[in-house]
Student: 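One structure, pasted below without further comment.
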Amino acid sequence: MKQLACLVVMALLAPSLIAADCDTKGLIVEKSFLQSVHDCTEYLQIPKERLMQYMANEFPPDDETKCLLFCVGVDLGWWNNTCGLQVPSIVSYFQPVQGDKQYEKRTRECLERRVGAIESPNSCCQAYETFQCYFQEFGNLVTCPQYVRSTKLQATQAALDCLVMLRYPEKLLKVYASGKVEDSPETRCLYHCIDLRTGLYTQNGISLPRFFVRDSAYNDLRYLSKETKACRDRIRQSGCDKCTEVYNTHKECLAGLGEEGYTSGIITAAAKIALMNLGVSCSQDPKPCATKPPCHTTCTPTKPTHKTKSCPETTKKHCSVCSNLHEPAKHYSSPAANVEPAVAPSHVGRKPFVTCSKCSGGQVYNLPGRAYRGHVSSCRRCGGPTSY
């Protein structure tokens, strides 16, 4: 019976795991919620039998499930252990129901009520309650893989790869390493390479929703404004080459949005690493070491004597993941408490969304809540609920 259950799990997983295109370009990561649940089950060594429960949209409030959803949040980029919730990343995994204009208000109130009430600074509990608020109040889980933002370390590695692949000379690396990332043909093509390698530049040009996710900590809705989109489209239609298109879009359309100086910062960091790598020898021949005169001590150190204290044995109390008595209590302030992510759709009614063809064969996740039963999630080309 146990083997049969595992076979059923794998059979259900297979269509969703292979639904996305096999894009291995650079460091681009697109991942579905189900893929992340499967991976985190492996990481945390949770019995595979529990996958059946999770795939049925059942996330009971036990310690194992709470830490699983914490793992999923970190894996998909919507949870940060320092700053907590990253709103742009989590909203890409949920689709509000058409005509529902209260989903943002309900989600904020839920976060204040459930996450704000957690006195213990336990990340598993906070991530779990955050997910439940979005799962029950914001909308339906989308089944298609979504863009997962690169960390600053991963983005720096992408910049380093571009510097090496484009074979930039040591003289230019020193300029970049000094913090001077000025306009030049080399700099423009370096911007293009970095955005292409990290998935921020696609066949349709600069992806504004992905930049919005990249700077999740800032939740800068100006990335999705009509003005920014018009600016990007104007430069793209100007007929300039791709390197110039990317660079001018950064300077004219994205300046002041999100994290200021993000790309130039990772270029400087990558150039410093590249310069250090130039001095690394691939030879494994050990260099002769200089010999030092033997060290003679003038006195023999004595070990101080002390009496060993006998301590009575104590029994350590069991610590639940949500009531850790050994951690100081503090109030959790939800980053999304005062956030208004997006305007609700103006359409009336609750007609089901059309699922994209590349993902229509996979499992559809619907919320069990009163407003969401029977509605499927929406995506266009597996790219999230909204296209820009």
Side-chain angles (χ1 to χ4, degrees), residues 25-29 77 80-83 86 88-89 147-202 205-208 210-220 222-223 228 231-232 234-236 238 240-285 287:
K25 185 187 300 177
L27 300 175
I28 303 172
V29 176
N80 181 289
N81 225 14
T82 303
C83 304
Q86 306 292 288
S89 293
Y147 177 74
V148 180
R149 65 186 180 89
S150 301
T151 65
K152 186 68 72 70
L153 184 61
Q154 291 169 329
T156 301
Q157 179 62 55
L160 176 60
D161 294 340
C162 287
L163 288 172
V164 174
M165 290 187 293
L166 297 177
R167 298 185 300 160
Y168 284 178
E170 182 178 355
K171 181 178 180 181
L172 182 56
L173 294 179
K174 290 181 178 179
V175 174
Y176 288 152
S178 69
K180 297 179 181 179
V181 185
E182 300 175 346
D183 187 9
S184 69
E186 292 81 8
T187 299
R188 294 186 176 195
C189 285
L190 182 56
Y191 267 69
H192 170 260
C193 179
I194 293 172
D195 282 0
L196 188 64
R197 193 162 177 78
T198 55
L200 297 172
Y201 184 85
T202 68
I206 289 286
S207 174
L208 297 177
R210 290 188 173 186
F211 269 90
F212 179 54
V213 171
R214 186 201 72 174
D215 290 345
S216 286
Y218 293 82
N219 192 31
D220 196 336
R222 291 177 296 172
Y223 275 123
T228 305
C231 179
R232 179 208 52 188
R234 173 179 56 80
I235 294 176
R236 181 166 176 77
S238 65
C240 56
D241 60 273
K242 292 183 178 179
C243 294
T244 301
E245 174 197 342
V246 171
Y247 185 81
N248 287 349
T249 302
H250 273 263
K251 296 302 178 181
E252 297 181 26
C253 308
L254 307 182
L257 305 187
E259 181 175 344
E260 185 69 24
Y262 182 98
T263 303
S264 61
I266 63 173
I267 289 175
T268 297
K272 292 178 180 179
I273 299 173
L275 288 173
M276 288 191 297
N277 290 345
L278 290 177
V280 176
S281 173
C282 294
S283 174
Q284 297 182 356
D285 296 334
K287 295 181 179 181

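In this chain, residues are counted from 1 in sequence order.
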Student: Below 4.5 Å, heavy atoms only, C-beta onward: do Thr202 and Leu196 meet side chain to side chain?
Tutor: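 The answer is no; the side chains never approach within 4.5 Å.
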
Student: Is any side-chain heavy atom of Asn248 less than 4.5 Å from a side-chain heavy atom of Lys251?
Tutor: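 A side-chain contact is absent here, since even the closest heavy-atom pair is not under 4.5 Å.
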
Student: Is a salt bridge present between Lys152 and Glu259, judged by a nitrogen-to-oxygen distance below 4.0 Å?
Tutor: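 Yes.
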
Student: Looking only at heavy atoms, which two atoms of Gly77 and Arg149 are closest? And how far apart?
Tutor: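 Closest pair (atom of Gly77, atom of Arg149, distance): O-NE, 3.6 Å.
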
Student: Rounded to the nearest 0.5 Å, what separates atom NE2 in His192 from atom SG in Cys243?
Tutor: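 Output value for this atom pair is 5.5 Å.
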
Student: Would Thr244 and Arg188 count as a side-chain hydrogen bond (donor to acceptor under 3.5 Å, both in side chains) here? Give the steps.
Tutor: CA-CA 6 Å; Thr244 301; Arg188 294 186 176 195; 3.2 Å; yes

Student: Between Arg222 (side chain) and Gly256 (backbone), is there a donor-acceptor pair under 3.5 Å?
Tutor: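 Judged by distance alone, yes, a pair lies under 3.5 Å.
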
Student: With a 3.5 Å distance limit and no angle check, can you tell me whether Asp215 reaches the backbone of Tyr218 through a side-chain donor-acceptor pair?
Tutor: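 Not a single qualifying donor-acceptor pair exists.
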
Student: Keeping Ser216 on the side-chain end and Gln86 on the backbone end, is there a donor-acceptor pair under 3.5 Å?
Tutor: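 Side chain of Ser216 to backbone of Gln86, a donor-acceptor pair under 3.5 Å: no, none is there.
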
Student: What heavy-atom pair brings Ala155 and Tyr262 nearest, and what distance separates the two atoms?
Tutor: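 So the minimum-distance heavy-atom pair works out to CB-OH, 3.4 Å.
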
Student: Within the side chain of Gln154, is there an N or O that forms a donor-acceptor pair under 3.5 Å with the backbone of Thr151?
Tutor: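 Yes, the answer is positive, given that a donor and an acceptor are paired below the 3.5 Å cut-off.
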
Student: Please examine the side chains of Leu257 and Phe212, heavy atoms only from C-beta on, and report whether any two atoms are closer than 4.5 Å.
Tutor: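 No - every pair of side-chain heavy atoms lies 4.5 Å or more apart.
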
Student: Any heavy-atom pair between the side chains of Leu163 and Tyr168 that's under 4.5 Å?
Tutor: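 Result yes, sub-4.5 Å side-chain heavy-atom pair found.
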
Student: How many angstroms lie between CG in Leu200 and CD1 in Ile194, if you round to the nearest 0.5 Å?
Tutor: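 Between atom CG of Leu200 and atom CD1 of Ile194 there are 10.0 Å.
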
Student: State, to 0.1 Å, how close Ala177 and Ala271 come at their nearest heavy-atom pair, and which atoms those are.
Tutor: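 That would be N-CB, 3.7 Å.
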
Student: Is the distance from the ring center of His250 to that of Phe211 below 6.0 Å?
Tutor: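 Between Phe211 and His250, which both carry aromatic rings, the centre distance is below 6.0 Å.
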
Student: Go through Cys253 and Tyr223 one step at a time and tell me if the side-chain contact (heavy atoms from CB on, under 4.5 Å) criterion holds.
Tutor: CA-CA 9 Å; Cys253 308; Tyr223 275 123; over 6 Å; no

Student: Looking only at atom types and distance, does a side-chain atom of Thr187 sit under 3.5 Å from a main-chain N or O of Glu182, one as donor and one as acceptor?
Tutor: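 Yes, because the side chain of Thr187 sits within donor-acceptor range (under 3.5 Å) of the backbone of Glu182.
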
Student: So how far is it from Cys193 SG to Leu166 CG, rounded to the nearest 0.5 Å?
Tutor: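 Cys193 SG to Leu166 CG: 5.0 Å, rounded to 0.5 Å.
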
Student: Between atom CZ of Arg214 and atom OG1 of Thr198, what is the distance when rounded to the nearest 0.5 Å?
Tutor: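 Those atoms lie 8.0 Å apart.
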
Student: Does the side chain of Tyr191 reach to within under 4.5 Å of the side chain of Val181, using non-hydrogen atoms?
Tutor: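 Result yes, sub-4.5 Å side-chain heavy-atom pair found.
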
Student: For Cys240, is there any backbone N or O sitting under 3.5 Å from a side-chain donor or acceptor partner on Glu245?
Tutor: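 Checking the backbone N and O of Cys240 against the side chain of Glu245, no donor-acceptor pair under 3.5 Å is found.
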
Student: Taking all heavy atoms of Arg236 and all of Gly205, pick out the closest pair and write down the distance.
Tutor: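 That would be NH1-CA, 3.3 Å.
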
Student: Test side-chain contact (heavy atoms from CB on, under 4.5 Å) on Gln157 and Leu160 and set out the steps.
Tutor: CA-CA 5 Å; Gln157 179 62 55; Leu160 176 60; 4.0 Å; yes

Student: Output the distance between atom CG (Asp195) and atom OG1 (Thr263), rounded to the nearest 0.5 Å.
Tutor: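 Taking CG in Asp195 and OG1 in Thr263, the distance rounds to 5.5 Å.
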
Student: Are side-chain heavy atoms of Leu278 and Leu173 found at a separation under 4.5 Å?
Tutor: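 Side chain of Leu278 against side chain of Leu173, heavy atoms only: contact under 4.5 Å found.
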
Student: Keeping Arg232 on the side-chain end and Ile206 on the backbone end, is there a donor-acceptor pair under 3.5 Å?
Tutor: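 Present.
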
Student: Please report the interatomic distance CD1(Ile28) to CZ(Arg210), rounded to the nearest 0.5 Å.
Tutor: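 Nearest 0.5 Å value for the CD1-CZ distance: 6.5 Å.
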
